[in-house]
Amino acid sequence: EADIYQTPRYLVIGTGKKITLECSQTMGHDKMYWYQQDPGMELHLIHYSYGVNSTEKGDLSSESTVSRIRTEHFPLTLESARPSHTSQYLCASSEWGRGLNTEAFFGQGTRLTVV
Amino acid sequence: GNSVTQMEGPVTLSEEAFLTINCTYTATGYPSLFWYVQYPGEGLQLLLKATKADDKGSNKGFEATYRKETTSFHLEKGSVQVSDSAVYFCALSDPGFNKFYFGSGTKLNVKP
């Protein structure tokens, strides 16, 4: 059973509001990820982190920002939500180290709707 | 570069039918290969994995074999159930950087 949690599960919010999507894991994993999943199901990496104080942009440009102040916590923030941000956001974590063959563990996702 | 290509869906089968979902990959080095499953409204769950050539991953009646010569990792199940209806993602990881590459997902519908 994966120990990675996302809150809230569902969020409906008005345009222009600031929102933070929470992601926490209890597995002590160094590497964490945020993916955006479009209605066509495809996953797009938007942010990742190698550990505390490390944040990197992913393959898909995103207006969101992330922080990694604690190993277990990797929140994603949108300063001013827009309808184009409506999507499913998935957080994941994995061990990290050269040569490791380890899987990613996913949270249950946050379904964000901006109206 | 690294990439994963999997068959487009949706795939619709009757209960107890045989399932194959094709997955091929391109990779530098020696990646690990994974199949994930996503049920409606949920995140991705690891279904099975294989970390080296000729390894067979298996779980819950699903199987996939890491074929380096054909760069494939096809998912199979001998007899599907309605409860197997979900979206299936093939993925690889680059062990040098732990970066994951996902296919576009294949939706499976199993009818009673």
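So that the names make sense, note that chain A is the first sequence line, chain B the second, and so on, each numbered from 1. Bear in mind the structure is a predicted one, so any value in this text is a computation, not a measurement. FYI, side chains are in, hydrogens and waters are out, and symmetry mates aren't considered; it's all heavy atoms of this structure.
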Treating B:Ser85 as the side-chain partner and B:Val82 as the backbone partner, does any N or O pair qualify as donor plus acceptor under 3.5 Å? yes

Taking B:Asn59 for its side chain and B:Leu47 for its backbone only, find out whether a donor-acceptor pair lies under 3.5 Å. yes

Side chain, backbone, both or neither: which part of B:Leu46 has a non-hydrogen atom closer than 4.5 Å to chain A? side chain

Go through the atoms of B:Gln45 and report whether side chain, backbone, both or neither lie under 4.5 Å from a heavy atom of chain A. neither

Distance-minimising heavy-atom pair for [X] and [Y]:
X	Y	answer
B:Ser3	B:Thr26	OG-OG1, 2.7 Å
A:Trp34	A:Cys23	CZ2-CB, 3.6 Å
B:Gln6	B:Phe89	OE1-CA, 3.5 Å

I'd like to check the side-chain hydrogen bond (donor to acceptor under 3.5 Å, both in side chains) partners of A:Arg68; sequence neighbours left out, ordered by chain and number.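 In terms of side-chain hydrogen bond (donor to acceptor under 3.5 Å, both in side chains), with neighbours along the sequence ignored, A:Arg68 is linked to A:Ser49.
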
Do the side-chain N and O atoms of [X] and [Y] include a donor-acceptor pair separated by under 3.5 angstrom?
X	Y	answer
B:Gln38	A:Gln37	yes
A:Thr55	A:His47	no
A:Ser94	A:Tyr33	yes

Can you give the donor-acceptor pairs under 3.5 Å from side chains of residues 71-79 of chain A to other protein atoms, not counting sequence neighbours?
residue: A:Glu72; atom: OE2; partner: A:Arg70; partner atom: NE; Å: 3.1
residue: A:His73; atom: NE2; partner: A:Glu22; partner atom: OE1; Å: 2.5
residue: A:Thr77; atom: OG1; partner: A:Thr20; partner atom: OG1; Å: 3.2

Close contacts, residues 7-14 of chain A versus chain B, judged by heavy atoms under 4.5 Å: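 Against chain B, the residues of residues 7-14 of chain A that fall inside the cut-off (heavy atoms, under 4.5 Å) are A:Arg9, A:Tyr10.
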
Enumerate by number any residue of residues 85-93 of chain A whose heavy atoms lie under 4.5 Å from heavy atoms of chain B; in the absence of such residues, state 'none'.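 Result: A:Gln88, A:Leu90.
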
Any chance you could measure A:Phe105, atom CZ, to B:Tyr36, atom OH, to the nearest 0.5 Å?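 So the CZ of A:Phe105 and the OH of B:Tyr36 are separated by 7.5 Å.
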
Heavy-atom pairs under 4.5 Å with chain B are the metric here; pick the option from A:Arg111, A:Glu42, A:Gln108 that has the most.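 Between A:Arg111, A:Glu42, A:Gln108, the count favours A:Gln108.
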
Chain B contact via A:Tyr35 - side chain, backbone, both or neither, heavy atoms under 4.5 Å: side chain

